[in-house]
Each structure stands twice: as structure tokens, then as C-alpha cells.
Amino acid sequence: MKERETFAENLLSWFDVNKREMPWRETKDPYKIWLSEVMLQQTQVNTVRSYYLKFIERFPTIETLAEADEDEVLKYWEGLGYYSRVRNFQSAVREVAETYGSVPDDGEQFLALKGVGPYTRGAVMSIAFNQPYPAVDGNVFRVFSRLDDDATDTAKPSARKHFENKVMQVIPERAGDFNEALMELGATVCTPRNPICMLCPVNMHCEAFEAGTVLERPVKIKKMTRKELRYKVMLIINDKGELLITQRPKTGLLGGMWQFPMFDEDMPMEDIEAVLDMKLMDKKEKFHTVTHGFTHLDWILDVYIARTTDQPGHDFQFIAENEKENYTFPVSMSKIFSHYQQVK
DNA sequence: GAAGCGTGGAC
DNA sequence: TGTCCAAGCTT
């Protein structure tokens, strides 16, 4: 970085004028700052806004969230993704309520809470308590790799520490504003594909700008091979027109969410009937196929419709179509549900 | 260190 | 269409 002494000052002057309105910037309530940081993990600001407002309206304090039913809390996260975030967050908030009474301003205590990693600790400690912690996210990787024309592979876990050290060399007294300013710069000016270097408030500090290597930074060496998994999904309808659903395990992929019964692609219908302990009728017709991509795998869901007059076994239940809103479904299942309602 | 964990938007 | 990216953490 060139002319390091004036970097923070220039960045903060820009931030004071250009920072965008965000609901969580209207408060310094550590609980609300914390919630926003959890929602913003791997998720864009525009997506988070409406979720944040609804969540805060229903769970405005640590106490209200600590006392809430877990399935209701999950419902407020429906569609936001990475659902373990909300389970960890409520668990951590309960821990805070019981052990501390309020969000601890001790970085070590805060880091020990579920779902709190180095980034979230840095963001909450600096923004809510103005403590000099780094908050290194994807934006900071990009901004600092350009400022220093640094070719460190940001896909490696060790890169985080590397960039935290860089931040600590220039962090000013206004630590929280500085961390937010770095991220704001990365999100609006120092963007991945079309950075607006001519309007950048710190381009005079930028080695990559000088060298013409801006688009080559950051270096990120990542191989992404996505598995393809095919399943049978059963839309099972009883004589009242209700649909059979079941809840996924609390942990792992889509933990705690509801779905239509789902089986390995090559499981015979006889075996499916045995698992459900149901006799199925009209079960031969494949009625729809849905594909759904995750970060690390692709689902191909062959949807079959069947009818039954039997009662649901343990772990299964029938719901009417207008009761779907009372359960939390992943997008893939909502796709199937929407299609069923359109064509039935 | 590597892999698992969602979804929507940009290009 | 595919690919990457987005205020990461856990195991």
C-alpha cells in the first residue's frame, strides 16, 4: 500500500458521505448488529433487508428470541439459506441470556458462542463496542489484495490471518466505521468484475491500480466439482386431498426443514410403501422433474403422485394445502408444491 | 487443510 | 447455459 498514513482517513471521509442506508445501521444494539452480521454471512444486503426487519419485529430482544420456539424461528429464516446459522444463533443467544444477561463485550467470550467465528467477532466487537478488531470477509480479501497487489490465494484458510494482520496495521480509532467502510467499498466500488477505480477514494494507495493488475486480484484457486444426486419425491394424497410431509434431521443439509417424502432414485415402489407403511395407488406416473442446485451438489427430483387411504406412520403427517405456511420448506420443495397447485 | 452447508443475482 | 460471487462457520 502506498502512503499508508492517510489511508484510513481517506477511506473514512468517503464512507461518511457515501454509506448506504441499512436498518441495522440505525442502532448500536449489539444484539441487532450481531443478528445482521449472521444474516449477512454469504448473503447480499438486498436479500437480508426484509428478513432482518421481520425477524427484529418478531424477536426484538435477546429475551424474546431465547424464549421462542425453534421451529418458529426457523420459519423466519425460510429462503435465506445456510439454516444452521439460525439454529446456532438462537443457541448462542440463549447462552448469552443465561450466562451474561447481555451480549458480552469481551472478544474471547463472544468468540466462544455458537456460530461466532473470527469475522463475526470482529464485526460485532468493532461496530457495537468500537474495539480494534479486524473483520475480514470477502470484500476485505479483495480490497487488500488490490491495495498491496497481493497474490495470496484467498481460498486457503491461512489467508484470513494474513489479511487480518494487514488490517491491524492501518486500523484507526473509529474501528467499527473503518471495518464497515472497507466492506462498503468492496461492495460498491472495489467490486469483483467491474471495479470503478476512477471513483475510488483510495486509488492513490492502490498498488494494483498502479500496476494494472486490478482484475487479477484477488487470486482464488478453487476447484468446484458438484455431485449430481437423483431422488424420487412422493406427493402422497389422502382422501381429504391432504399431502404427506416429514421433517428432516435437525442437523446437516436443510436441517429441521420439512419436505415431501424423498427416496433414493432406484428404490422400488414396493420398498417405499414398506418404509411408509402405506398402500399406494396410481403410483406409476412420473408427474414432474425439478432440478435444484446447491453450492456443492445438484438435486434432480423425479416427482411421483400417489394416493392412499392409510394413516401416516411415525415421523410423517398429512397437511392441507393451506397449512403449508405453518411449516418451513426448502426452495426445492416449494417449487414442487407450486407446480402441483398449478397443474392438479 | 478440506469439505459440507442455500439461495438469488450478475454476467 | 454455466460459473462465480455474496458482511463465513463448523467439523
Side-chain angles (χ1 to χ4, degrees), chain A residues 19-20 22-25 33-52 74 77-89 91-92 110-124 126-128 133-143 153-161 163-164 167 176 178-188 190-195 215 218 220-229 248-257 291-299 328-335:
Chain A
K19 70 173 170 182
R20 296 172 291 175
M22 296 180 196
W24 47 90
R25 287 200 172 139
I33 299 293
W34 181 13
L35 170 65
S36 72
E37 292 301 338
V38 174
M39 284 188 165
L40 285 162
Q41 288 168 15
Q42 301 290 286
T43 311
Q44 302 198 40
V45 168
N46 283 340
T47 304
V48 166
R49 270 202 178 84
S50 60
Y51 281 91
Y52 172 85
L74 181 60
W77 213 268
E78 185 178 46
L80 200 49
Y82 285 142
Y83 299 97
S84 66
R85 287 184 294 176
V86 69
R87 189 179 58 249
N88 288 336
F89 182 61
S91 170
F110 189 68
L111 181 64
L113 297 167
K114 275 188 186 166
V116 177
Y119 167 77
T120 304
R121 170 175 64 168
V124 173
S126 66
I127 296 169
Y133 278 90
V136 174
D137 70 331
N139 290 304
V140 178
F141 280 148
R142 188 168 57 255
V143 170
D153 179 6
T154 60
K156 290 187 182 304
S158 58
R160 179 183 54 77
K161 196 68 191 169
F163 285 98
E164 283 179 351
V167 170
F178 180 75
N179 283 334
E180 284 201 87
L182 280 176
M183 293 186 276
E184 193 83 347
L185 186 75
T188 63
C190 194
T191 53
R193 290 198 178 87
N194 299 300
L215 293 180
K220 190 173 187 178
I221 305 168
K222 199 163 205 168
K223 54 173 187 284
M224 282 276 298
T225 50
R226 293 168 28 146
K227 282 184 296 186
E228 206 169 79
L229 297 176
R248 296 178 65 88
K250 291 287 183 185
T251 59
L253 182 63
L254 303 171
M257 304 186 85
T291 61
H292 187 78
F294 298 91
T295 305
H296 56 299
L297 55 87
D298 287 311
W299 271 3
T328 307
F329 288 86
V331 168
S332 51
M333 293 294 151
S334 292
K335 282 184 194 168

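Order of the sequence lines fixes the chain letters, A, B, ..., with proteins taken first and strands second; residue numbering starts at 1 for each chain. As the structure is a prediction and not an experimental result, all values here were calculated from the model.
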Rounded to whole Å, please give me the gap between [atom1] in [X] and [atom2] in [N].
X        : N      : atom1 : atom2 : value
A:Leu80  : C:dC9  : CG    : P     : 15 Å
A:Ile33  : C:dA7  : CD1   : C1'   : 12 Å
A:His292 : B:dC5  : NE2   : P     : 13 Å
A:Lys227 : B:dC5  : NZ    : C1'   : 12 Å
A:Arg121 : C:dT10 : CZ    : P     : 12 Å
A:Asp298 : B:dG6  : CG    : C1'   : 12 Å
A:Trp299 : B:dC5  : CH2   : C1'   : 12 Å
A:Arg193 : C:dC4  : CZ    : P     : 9 Å

Go through the N and O atoms of the side chain of [X] and the base of [N], and report whether any donor-acceptor pair is under 3.5 Å.
X        : N     : answer
A:Tyr119 : C:dG8 : no
A:Thr43  : B:dG6 : yes
A:Thr47  : B:dG8 : no

Look at [X] and [N] and indicate whether a side-chain polar atom (N or O) is within less than 4.0 Å of OP1 or OP2.
X        : N     : answer
A:Arg226 : C:dT3 : no
A:Tyr82  : B:dG4 : no
A:Gln44  : B:dG9 : no
A:His296 : B:dC5 : yes

When we call it a touch if two heavy atoms are under 4.0 Å apart, what does [X] touch: a base, just sugar-phosphate, or nothing?
X        : result
A:Val48  : nothing
A:Ser36  : nothing
A:Leu254 : sugar-phosphate
A:Arg49  : nothing
A:Gly293 : base
A:Gly117 : sugar-phosphate
A:Lys156 : nothing
A:Met257 : nothing
A:Arg87  : nothing

Map A:Arg25 and A:Asn88 onto DNA chain C by nearest heavy atom, then report which one ends up closer to the 5' terminus.
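In this pair, the answer is A:Arg25.
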Quick check on DNA chain C: between A:Val45 and A:Leu113, whose nearest nucleotide comes earlier from the 5' end?
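The answer here is A:Val45.
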Aromatic ring pairing A:His296/A:Phe294, orientation class (parallel under 30°, perpendicular over 60°, tilted between)
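Tilted, since the angle between the ring planes falls between 30° and 60°.
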Identify which nucleotide among [options] has an atom closest to any side-chain atom of [X], counting heavy atoms from C-beta outward.
X        : options             : result
A:Tyr83  : C:dG8, C:dA7, B:dG6 : B:dG6
A:Glu184 : C:dC9, C:dG8, C:dA7 : C:dA7
A:Ser158 : C:dA7, B:dG1, B:dT7 : B:dG1

Here's a test of your reading of the structure: between A:Pro157 and A:Phe294, which maps to the more 5' nucleotide of DNA chain B?
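Nearest-nucleotide comparison on DNA chain B picks A:Pro157.
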What closest approach, in Å, do [X] and [Y] show between heavy atoms, and which atom pair accounts for it?
X        : Y        : result
A:Leu182 : A:Asn139 : O-CB, 4.3 Å
A:Arg85  : A:Val38  : NH1-O, 3.0 Å
A:Ser126 : A:Tyr133 : CB-O, 4.0 Å
A:Gly293 : A:Arg226 : CA-NH2, 3.9 Å

If I pick the [atom1] atom on [M] and the same atom on [N], what distance separates them, to the nearest angstrom?
N      : M     : atom1 : value
C:dA6  : B:dG1 : C1'   : 23 Å
B:dC11 : C:dA7 : P     : 15 Å
C:dT11 : B:dG6 : P     : 14 Å
C:dC4  : B:dA3 : P     : 16 Å

No-hydrogen, no-angle side-chain donor-acceptor test under 3.5 Å, A:Glu37 and A:Tyr119
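Yes.
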Does the side chain of A:Leu80 reach to within under 4.5 Å of the side chain of A:Thr47, using non-hydrogen atoms?
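The answer is yes, as the side chains (C-beta and beyond) meet within the 4.5 Å cut-off.
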Would you say the side-chain atoms of A:Tyr51 pair up with the backbone N or O of A:Glu78, donor to acceptor, closer than 3.5 Å?
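Yes, because the side chain of A:Tyr51 sits within donor-acceptor range (under 3.5 Å) of the backbone of A:Glu78.
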